Amino acid sequence: MSCSKIPQIVLKSSSNQSNMPLIAFGTAAVTNNDGEITKAAVVEAIKSGYRHFDTASIYGSEEALGEAIQQALQLGLIQSREITPDPEIRIFGSLFDPLARVWIAMEECQKLGLTKSIGVSNFTCKKLEDLLSFATILPSVNQVEMNPVWHQKKLKEYCEAKGIIITAFSPLGAKGTMWGSNEVIDSEILKQIAEEHGKTVAQVCLRWLYEQGVSMAVKSYNKDRMKQNLEIFDWSLTRDDHEKIDKIKQIRVNNGPFAFIPDIWDGET
Ligand SMILES: NC(=O)c1ccc[n+]([C@@H]2O[C@H](COP(=O)([O-])OP(=O)(O)OC[C@H]3O[C@@H](n4cnc5c(N)ncnc54)[C@H](OP(=O)(O)O)[C@@H]3O)[C@@H](O)[C@H]2O)c1
């Protein structure tokens, strides 16, 4: 599959309403997070058609991702956007900084053209409501856990109403990681749906997210699985499949690094 086959999603509050490829390549790897492994996986992902990469300083993948993009440019796999980044500019916000201070600095970056879009992650409806009370630019994206065992119905409706795109992380329940579980991949309901379509459980999860109208970040450093995870656009789930998935018992799989913060999720389910 070439990158042109990955649908794009419009980021309404970005400058010039930029597009973003609907599937991102995740780089949170606790085992296999050696720089060379990440770099090789990202180059392979670019060859497979991924053009949207999710990274964070906490993953330790930023440097390897940058090197992989540089290698892909040298190999002629991708074209440069010809943006010269200023190495002195680094935006660093954390949960412990006052939200308004960080957000206003991020808005400034978008206004200066240093970034096309700004967004948030792990924001509840309440946190978004707080942000929207002073923001002059809406977040383009709110990246949160979403998968067939954690539907995020309320947050999804809220974001849709405000024009904020949800990007689903841990779309497969982060199987095999220290922050995830097998709850999604081992679901008997999903296995049955997958069998009926001749697809894998992973593909059913990603297709379901696509049909929910959200974007997603999925991680696989395995060449076959990273390709498999893009093969979700030429088939569809039935109404019956959706009804079955609607009935799956809901559990937040990924409490990630936030489990120690009291009521980080503001009591929202
Ligand atoms: N903002 C946040 O707080 C936050 C939190 C968590 C994650 N994220 C981002 O979202 C990305 C994705 O989430 P995630 O890594 O937590 O979990 P995930 O994508 O749901 O699951 C990753 C796991 O599933 C396996 N896998 C991938 N494709 C598969 C397939 N087709 N069949 C079977 N197994 C498959 C991977 O192993 P292999 O590599 O061996 O295939 C890996 O063990 C992260 O990498 C990160 O970039 C953000």
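All figures in this text were calculated on a predicted structure; none of them were measured in a lab. Remember, it's 1-based here, ligands and their atoms both numbered in the order they're listed.
Those atoms of ligand 1 that come under 4.0 Å of a heavy atom in Asp54, given as number and element, are 9 (C), 46 (C), 47 (O). Per-residue contacts place Tyr221 under 4.0 angstrom from the following atoms of ligand 1 (heavy atoms of the residue considered): 39 (O). In summary, the atoms of ligand 1 found under 4.0 Å from a heavy atom of Ala202, numbered by their order in the structure, are 30 (C), 31 (N), 32 (N). Distances below 4.0 Å separate heavy atoms of Gly26 from the following atoms of ligand 1: 11 (C), 44 (C), 45 (O), 47 (O). Close contacts between ligand 1 and Gly173 involve ligand atoms 20 (O) [criterion: under 4.0 Å to a heavy atom]. Within ligand 1, counting atoms from 1 as listed, the ones closer than 4.0 Å to a heavy atom of Asn122 are 1 (N), 2 (C), 3 (O).
Ligand 1 has at least one atom lying under 4.0 Å from a heavy atom of Trp179. Note on ligand 1: Pro171 sits in its first shell, one or more heavy atoms being nearer than 4.0 Å. Taking a 4.0 Å cut-off on heavy atoms, Asn229 registers as neighbouring ligand 1.
Here the shortest heavy-atom distance to atom 24 (O) of ligand 1, taken over Gln203, Lys175, Lys227, belongs to Lys175. Here the shortest heavy-atom distance to atom 26 (N) of ligand 1, taken over Leu172, Thr27, Val120, belongs to Leu172. Scanning Glu231, Glu145, Lys219 for the heavy atom closest to atom 39 (O) of ligand 1 points to Lys219.
Here the CD-NZ distance, from Gln110 to Lys116, works out to 11.0 Å after rounding to the nearest 0.5 Å.
Residues Trp150 and Leu209 are members of separate hydrophobic clusters, defined by side-chain heavy-atom contacts under 4.5 angstrom among Ile, Leu, Val, Met, Phe, Trp and Tyr.
Residue Thr177 has no N or O atom closer than 3.5 Å to an N or O atom of ligand 1. An N or O contact shorter than 3.5 Å is missing between Phe169 and ligand 1 by distance. Checked by distance only, ligand 1 and Arg225 come closer than 3.5 Å through their nitrogen or oxygen atoms. Considering backbone and side-chain atoms alike, Thr200 places every N or O at 3.5 Å or more from each N or O of ligand 1. Any N or O atom pair closer than 3.5 Å counts here, and Ala28 shares at least one such pair with ligand 1.
Tyr158 and Glu129 share a donor-acceptor pair across their side chains, judged by distance under 3.5 Å alone. Of the N and O atoms on the side chains of Asn222 and Gln228, not one donor lies less than 3.5 Å from an acceptor on the other residue. Side chains of Asp241 and Thr238: a donor on one and an acceptor on the other come within 3.5 Å.
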Glu188/Lys191 under salt bridge (Lys or Arg N to Asp or Glu O under 4.0 Å): CA gap, chis, key distance, verdict: CA-CA 5 Å; Glu188 288 305 324; Lys191 281 183 188 170; 3.6 Å; yes

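A 4.5 Å side-chain heavy-atom check between Gln71 and Glu67 finds every atom pair outside the cut-off.
Closest approach of Lys127 and Leu99 over heavy atoms only: O-CD2, 4.4 Å.
A perpendicular orientation is assigned to the rings of Phe25 and Tyr50, their planes being inclined by more than 60° (bins at 30° and 60°). Under the 30°/60° scheme for interplanar angles, the aromatic rings of Tyr210 and Phe233 are found to stand perpendicular.
Residues Glu231 and Lys227 are not paired through a salt bridge, judged by the lack of any N-O separation under 4.0 Å between the basic side chain and the carboxylate.
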